[in-house]
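Notes follow once the structure below has been shown.
In what follows, chains are A, B, ... by sequence order, proteins preceding strands, each numbered from 1. A quick note: this is a predicted structure, and the numbers were derived from the prediction, not measured.
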2 protein chains.
Amino acid sequence: MNSVLVVDDDPHIVRALAITLKGQGYTVTTATDGESALHAAAQRPVNVVILDLGLPDIDGTTVIARLREWSAVPILVLSARHGSGDKVEALDAGADDYITKPFGLDELLARLRAILRRNTESSGETAVIETSSFTADLSKRQITKSGQDVRLTPTEWNILDIMVRNPDKLITQQQLLTEVWGPAYAKEANYLRVYMAQLRRKLEVEPGTPRHFITEPGMGYRFVP
Amino acid sequence: MNSVLVVDDDPHIVRALAITLKGQGYTVTTATDGESALHAAAQRPVNVVILDLGLPDIDGTTVIARLREWSAVPILVLSARHGSGDKVEALDAGADDYITKPFGLDELLARLRAILRRNTESSGETAVIETSSFTADLSKRQITKSGQDVRLTPTEWNILDIMVRNPDKLITQQQLLTEVWGPAYAKEANYLRVYMAQLRRKLEVEPGTPRHFITEPGMGYRFVP
DNA sequence: CCGAATCTTGACGCGCTCTTAACGCGCCCG
DNA sequence: CGGGCGCGTTAAGAGCGCGTCAAGATTCGG
């Protein structure tokens with residue numbers, strides 16, 4: 001899922017971090033000097049770099065600067081030095097966070113989560129659902145059918161949103177009614193029939209014989225991509 | 001330029017930080033407890049929040065969570081406690097960075113710069129947006145329409161900025177209102193109608209039939225280049 | 001302290017969406 | 001075989017959301 005590049009000149013630290021991170025579900029690549037770190041980062045895109053400043057060959061700040069020449073990958077810096085001069089230098093060179101050794105593993109992991117959260121949020125995951133007759137982009141709130149944009153009213157969109165987020169799953173009428181209109185309308189099955197017809201007319205190839213918005217008689221509806 | 005909200009229960013620290021930050025060119029708002037901090041953030045959008053965890057009324061982690069309910073503003077946490085438990089809690093609640101007191105001012109400023117750099121980098125990928133009727137240069141804050149420069153008021157610009165940074169994406173009215181006016185104005189859909197009309201009159205070829213600032217009835221607006 | 005630009009606020013009309021009711025059809029069950 | 005229930009379809013009135021305009025309030029610069 002998330003890939004991390006760990007760079008430290010001490011093999012023990014590298015190994016300990018690698019084991020911990022793998023245990024958390026990260027994919028881990030390692031390097032013990034600046035050159036191989038830059039090489040590794042160029043070989044395979046990573047989601048975040050954990051970088052020790054005290055490397056044998058290149059100065060840590062230089063590594064950051066060289067990385068920043070072509071990559072915007074988040075960098076989390078480790079350092080044994082407590083002086084604030086190093087911190088300022090590293091952060092201004094383009095690092096995203098800075099921890100001084102010795103550090104708690106839980107803190108490192110928390111900062112890692114914070115960095116990754118920021119990153120995935122801003123890049124905006126594109127959740128796109130495709131069917132044989134239309135395409136739905138949930139983040140853009142946009143529907144396309146054979147190249148043509150389809151306009152949905154708010155209520156239509158609410159229903160579609162729920163259906164599409166639960167593919168192949170049966171959704172009872174009460175679920176839909178309470179989610180869209182509120183619990184007070186749980187008995188108004190009429191509304192559903194009207195709006196399901198609207199959706200089918202707008203999105204199905206043959207609204208008469210629906211292929212994606214399936215009625216399960218007596219129970220509810222089912223969306224099949 | 002960049003606005004900072006400083007929250008700390010110690011007025012001395014608040015004042016010292018405010019003076020330092022203003023000296024760096026930031027616009028500074030202050031608060032000495034959680035409630036007024038949330039209120040201040042709701043009144044007017046800020047670019048970053050500096051938050052002390054030890055507030056007299058609300059727990060710092062709760063303040064973070066309440067802020068995160070509606071805002072993605074970066075949060076830099078200060079704390080007197082060194083235990084890693086607090087750090088993990090605050091970071092997982094949605095904070096972006098964490099410094100323990102006492103801290104060096106230069107380190108604080110460096111971390112602030114790192115946070116703000118991240119924020120503007122990720123959003124400001126394409127500086128220039130072109131459409132069939134006008135050209136927008138986000139870094140220069142300049143709009144050109146058929147060779148002629150167009151003057152936009154600050155509010156007009158804020159709206160255009162948000163729309164243009166999210167092309168083809170539907171932006172709900174609440175999103176626009178909270179981003180531009182603050183969450184306190186989330187219900188004032190009137191403002192949007194007025195300003196959207198202004199933008200269309202200034203930027204669209206036919207303001208009556210807009211091609212770039214599209215209304216999605218009942219949902220929001222969409223910018224299509 | 002004054003003037004201009006900008007923001008806020010209210011009123012009005014139009015179009016669209018939601019609501020609601022009526023009708024026909026097919027299926028299940030008596 | 002016939003009645004009832006559930007579902008799909010259609011249509012029409014009511015209400016709401018949107019665009020527009022204009023005037024008062026506020027801010028900002030000179």
**Fill in**
Note: for Arg193(B) and Glu216(A) on DNA chain D, the residue whose nearest nucleotide lies more 5' is Glu216(A)

**Asked** How are the rings of Phe134(B) and Phe213(B) set to each other: parallel, tilted or perpendicular (split at 30° and 60°)?
**Response** parallel

**Asked** Can you tell me how far P of dT17(C) sits from CD1 of Ile159(A), to the nearest Å?
**Response** 14 Å

**Asked** For Tyr185(B) and Leu152(B), take the nucleotide of DNA chain C holding the closest heavy atom to each; which residue's nucleotide lies nearer the 5' end?
**Response** Leu152(B)

**Message:** So does Gly34(B) get a backbone contact from the side chain of Asp57(B), meaning a donor-acceptor N/O pair under 3.5 Å?
**Reply:** yes

**Prompt:** Contact class for Gln173(A) vs. all strands (heavy atom < 4.0 Å): base, sugar-phosphate, or nothing?
**Reply:** sugar-phosphate

**Minimum-distance nucleotide to Thr215(A) side chain [options: dT17(C), dC7(D), dG17(D)]** = dC7(D)

**Complete:** Checking dC7(C), dG19(D), dT8(C) against the side chain of Val194(B) (C-beta onward), the nearest is dT8(C)

**Message:** Assess, by modelled atom type and distance only, whether the side chains of Tyr26(B) and Ser3(B) contain a donor and an acceptor separated by less than 3.5 Å.
**Reply:** no

**Request:** Taking only the side-chain heavy atoms of Pro154(A) (C-beta and beyond), determine which of dT8(C), dC7(C), dT17(C) contains the nearest atom.
**Result:** dT17(C)

**Request:** Determine the minimum heavy-atom distance between Ser133(A) and Glu204(A), stating which atoms define it.
**Result:** OG-CA, 4.4 Å

**Fill in**
Met219(A) CE to dC7(D) P, in whole Å, measures 11 Å

**Message:** Please confirm whether the shortest side-chain N or O distance from Tyr221(A) to OP1 or OP2 of dG8(D) is below 4.0 Å.
**Reply:** yes

**Lys87(A)/Asp106(B) ion pair, N-O < 4.0 Å** = no

**Request:** Using whole Å, report how far CZ of Arg151(B) lies from C1' of dA5(C).
**Result:** 8 Å

**Fill in**
Rounded to whole Å, CD1 of Ile214(A) lies from P of dC7(D) at a distance of 14 Å

**Item:** Distance, rounded to the nearest Å, where Glu156(A) contributes CD and dT19(C) contributes C1'
**Value:** 14 Å

**Message:** Please confirm whether the shortest side-chain N or O distance from Trp181(A) to OP1 or OP2 of dC18(C) is below 4.0 Å.
**Reply:** no

**Prompt:** In whole angstrom, what separates Glu188(A)'s CD from dG6(D)'s P?
**Reply:** 14 Å

**Asked** OP1 or OP2 of dC7(C) sitting under 4.0 Å from any side-chain N/O of Thr153(B)?
**Response** yes

**Asked** Separation of Asn190(B) atom CG from dT8(C) atom P, in whole Å?
**Response** 12 Å

**Prompt:** In whole Å, what is the span from the CE atom of Met196(B) to the P atom of dG17(D)?
**Reply:** 17 Å

